[in-house]
Amino acid sequence: MSFFQKLLGNPLLRNRATDQRLANIQALPILSSDALSSVAYATEASLGVLILGGSGALGLSVPITLAIIGLIAIVVLSYRQAIEAYPEGGGSYVVARDNLGRNVSLIAGAALLIDYTLTAGVSLMAGTQALSSLVPSMLDHEVSLALFLLVLIGWANLRGLKEAGRIFALPTYAFVVMVALLIFAGLKDLVFVHGFVPDMPPAAQAVQPLGWFLILRAFSSGCSAMTGIEAIATGVKVFKEPAVANARRTLLVLGVLLSTMFLAVSGLGYMYGIVPNDRVTVLAQIGSRAFGSSSVLLWALQLSTLFILVLAANTAFAGFPRLAAMLAEDHCLPRQLSWIGDRLVYQNGIGVLVVVTALIIVICHGDTTVAVNLYALGVFTAFTLSQLGLVRHWWRLRGAGWQGRMLMNALGASTTFLVLVVIVVSKFEEGAWTVVVAIPLLVWGLARIRRRYRRAYAALALDPDFGPLKVEPRTPLLGNHCIVWIPELMSASMEALRYGCSIADSVTAVIVLGENDDSERIRTAWDGLIGEQPGELELRLLESQFSSVIDPFCDYVVEQEELHPERTTTVVMALVIPRDWLDQMLLNQRASYLFKALSGDYSRVFCVVRYYLAE
């Protein structure tokens with residue numbers, strides 16, 4: 001067993017993909033840990049703005065929390081409809097693509113890619129802050145700890161979805177239980193000891209006038225509680241059947257849990273007169289009052305907060321690779337991001353997320369202040385486009401009850417758009433301008449990649465009048481056999497096949513079938529392209545038990561060499577010569593992996609047929 005197999009686990013059979021689906025009790029922590037963990041910092045983010053208006057402004061935290069809870073209810077109900085309308089996964093990108101057009105969908109895709117990376121970074125940094133609130137000596141090591149935890153989360157996800165579910169379920173539920181105990185202890189204290197008269201917070205001088213602008217800033221900061229709600233609608237395929245019903249039910253549970261916990265933390269913070277502190281989190285201060293500063297339950301609360309904030313990054317690891325794969329399948333990102341690894345996860349997407357998140361943690365120096373202000377913008381951009389897409393979806397469908405569904409999503413679109421405007425205006429100078437600039441730049445990049453793929457595939461496409469394949473007469477060569485790698489029936493592959501037929505007595509064209517390939521359609525297309533050829537020319541379609549399409553081809557080459565040691569076997573493969581700098585990243589990726597895989601064990605003859613793309 002290789003080192004990587006020991007590290008990540010043995011490959012999983014492709015037909016085991018359905019076994020990787022999760023029951024609701026496992027899917028909830030994987031897809032909802034981000035939303036649930038926001039309870040640890042959403043109230044603090046809101047209070048951090050209100051304190052600028054003086055200590056008297058802190059009392060507005062409860063009305064702001066109630067307004068956000070109303071918004072949570074609207075978004076949850078709207079996404080329950082998205083799940084029903086899109087049972088294969090109703091995320092913002094898919095809904096916008098199908099209803100608002102591919103160009104608009106790129107805005108949703110770009111916003112979500114930014115949101116997922118910021119979610120992972122904020123969650124890990126907030127988790128280390130929870131630990132340093134308990135152990136002040138960790139303050140100087142927050143960045144290193146966050147990076148270590150990032151690698152740990154990435155490793156767990158590379159081992160597969162079910163492995164991640166087992167690892168992440170217990171800490172998520174532990175946090176929910178600890179917040180429930182905090183609520184119980186707080187209510188007990190208020191009823192029997194403290195009373196329901198709120199404490200006066202420590203006096204703080206107003207830095208800014210308390211007006212609508214400051215209140216809206218506090219509201220937009222508190223809206224960070226809503227990050228991660230979309231993850232369930234995007235990940236419907238994660239659930240066991242009936243997937244739609246299970247996803248809708250889990251989303252409702254998430255909405256109830258999130259609203260209850262958020263309201264309780266804000267309410268207790270108001271009653272205890274809690275003021276934001278750079279060294280101790282608001283949740284830790286509430287825990288000290290409810291449990292006691294030296295209580296074991298306070299340690300349990302802070303440790304469970306650490307764990308769920310770390311695991312909240314897993315929502316990004318569940319969503320980012322899937323979204324990147326969808327964009328790659330639509331040719332808006334490099335195709336290798338749509339490849340499924342041996343553990344039936346999008347391993348390349350996971351790797352990209354680890355690298356980008358590490359950069360965010362280093363740039364922010366482990367401080368969530370700037371990042372929290374940024375990632376709510378991407379969330380509400382995606383929310384708005386998703387709801388607009390569903391409005392158009394119900395209008396076009398006009399089935400039973402479509403008016404009520406459309407009105408529900410219209411309400412969701414209008415409210416989330418209003419919040420989006422508030423976030424842009426109120427947070428622009430605090431860093432939101434970077435996301436306002438980054439989204440159009442990322443949309444431009446996605447569109448550029450899509451345009452380049454379109455041109456490259458147009459240049460590689462077979463002429464409609466192509467066929468049957470014409471091979472120049474040749475002098476027979478003794479004992480030479482060619483195995484030609486055919487990734488797709490395109491002009492470059494046909495040139496490689498033509499060359500193979502010109503140098504060998506017999507030729508085998510090999511196609512490894514992907515998960516969605518139709519063998520009969522491929523054989524019919526092959527017969528039309530090849531016609532009658534001199535010598536022996538056959539098509540071999542290989543099935544892959546696992547996700548790899550490289551290993552079956554390599555195994556076939558080795559098998560043929562061992563069966564026929566008396567002949568020379570030549571592996572022929574096409575290599576597209578790039579015309580654009582993007583082509584280096586977009587084309588020839590599998591050909592490069594194939595060449596490396598076949599070059600390792602045996603002396604072997606290769607023929608690389610260079611195919612120049614037309615301008």
Side-chain angles (χ1 to χ4, degrees), residues 89 91 93-94 97 102-103 105-117 120 154 157-158 234 316-360 438-461 485-488 490 492-493 512 514-517 547-551 553 573-597 611-613:
Y93 173 71
V94 175
R97 182 191 63 192
R102 291 188 176 274
N103 291 329
S105 73
L106 292 185
I107 301 175
L112 281 174
L113 288 175
I114 292 172
D115 171 52
Y116 282 133
T117 54
N157 278 274
L158 286 172
T234 304
F317 278 89
F320 182 95
R322 289 178 178 276
L323 175 61
M326 284 189 270
L327 285 163
E329 288 168 358
D330 290 340
H331 302 150
C332 299
L333 283 175
R335 289 293 301 274
Q336 51 266 40
L337 288 173
S338 66
W339 297 351
I340 297 179
D342 289 338
R343 298 291 297 177
L344 303 181
V345 292
Y346 297 106
Q347 58 187 20
N348 292 333
I350 292 172
V352 169
L353 182 58
V354 168
V355 172
V356 176
T357 303
L359 288 175
I360 291 172
I439 289 178
L441 287 177
L442 187 52
V443 168
W444 174 82
L446 296 173
R448 173 74 187 275
I449 291 173
R450 183 178 63 185
R451 185 164 57 249
R452 186 57 200 161
Y453 263 128
R454 186 183 297 131
R455 291 177 179 174
Y457 282 146
L460 288 169
W485 161 254
I486 307 287
E488 294 182 72
M490 304 185 82
S493 301
V512 181
E515 185 177 3
N516 299 317
D517 287 339
S547 62
S548 173
V549 296
I550 300 295
D551 291 345
F553 183 85
M573 54 197 299
L575 189 70
V576 177
I577 305 303
R579 293 285 191 180
D580 188 284
W581 66 271
L582 267 178
D583 295 343
Q584 300 285 355
M585 179 174 60
L586 304 181
L587 303 174
N588 298 320
Q589 298 299 321
R590 280 210 164 107
S592 300
Y593 284 122
L594 178 64
F595 184 82
K596 291 177 183 177
Y611 186 87
Y612 282 84
L613 280 178

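Atoms considered below: every heavy atom in the structure, side chains included; atoms not considered: hydrogens, waters and symmetry mates. This chain uses plain numbering: 1 for the first residue, then up along the sequence.
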By ring pair (Phe, Tyr, Trp, His ring centres under 6.0 Å) - contacts of Phe553 (at least two apart)
Trp485
Working to the nearest 0.5 Å, report the span between CG of Leu327 and OG of Ser105.
7.5 Å
How many angstroms lie between CZ in Arg322 and OH in Tyr93, if you round to the nearest 0.5 Å?
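If we round to the nearest 0.5 Å, Arg322:CZ and Tyr93:OH are 15.5 Å apart.
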Using modelled atom types and a 3.5 Å cut-off, is there a donor and acceptor pairing between side-chain atoms of Thr117 and backbone atoms of Ile114?
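Here the side-chain-to-backbone pair exists.
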For Arg335, does its backbone N or O pair with a side-chain atom of Tyr453 as donor and acceptor, under 3.5 Å?
yes
Partner set under side chain to side chain contact (heavy atoms under 4.5 Å, CB included) for Glu329, not counting sequence neighbours:
Ser338
Results of side chain to side chain contact (heavy atoms under 4.5 Å, CB included) for Val443 - residues two or more places apart only
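Listed in chain order: Leu106, Ile107, Ala110, Ile439.
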Least distance between heavy atoms, Ala492 atom then Ala574 atom
O-CB, 3.4 Å
Indicate the atoms forming the closest heavy-atom contact of Tyr346 with Pro321, along with that distance.
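Nearest heavy atoms, Tyr346 then Pro321: CB-CB, 3.7 Å.
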Report yes if the side chains of Val356 and Leu113 come closer than 4.5 Å at any heavy-atom pair, otherwise no.
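Not in contact.
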Listed partners of Arg97 passing salt bridge (Lys or Arg N to Asp or Glu O under 4.0 Å), at least two apart
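Here the qualifying residues are Asp330.
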Show the atom names and distances, to 0.1 Å, of all donor-acceptor pairs under 3.5 Å that link a side chain in residues 444-451 to residues at least two apart or in another chain.
residue : atom : partner : partner atom : Å
Arg450  : NH2  : Asn103  : OD1          : 2.7

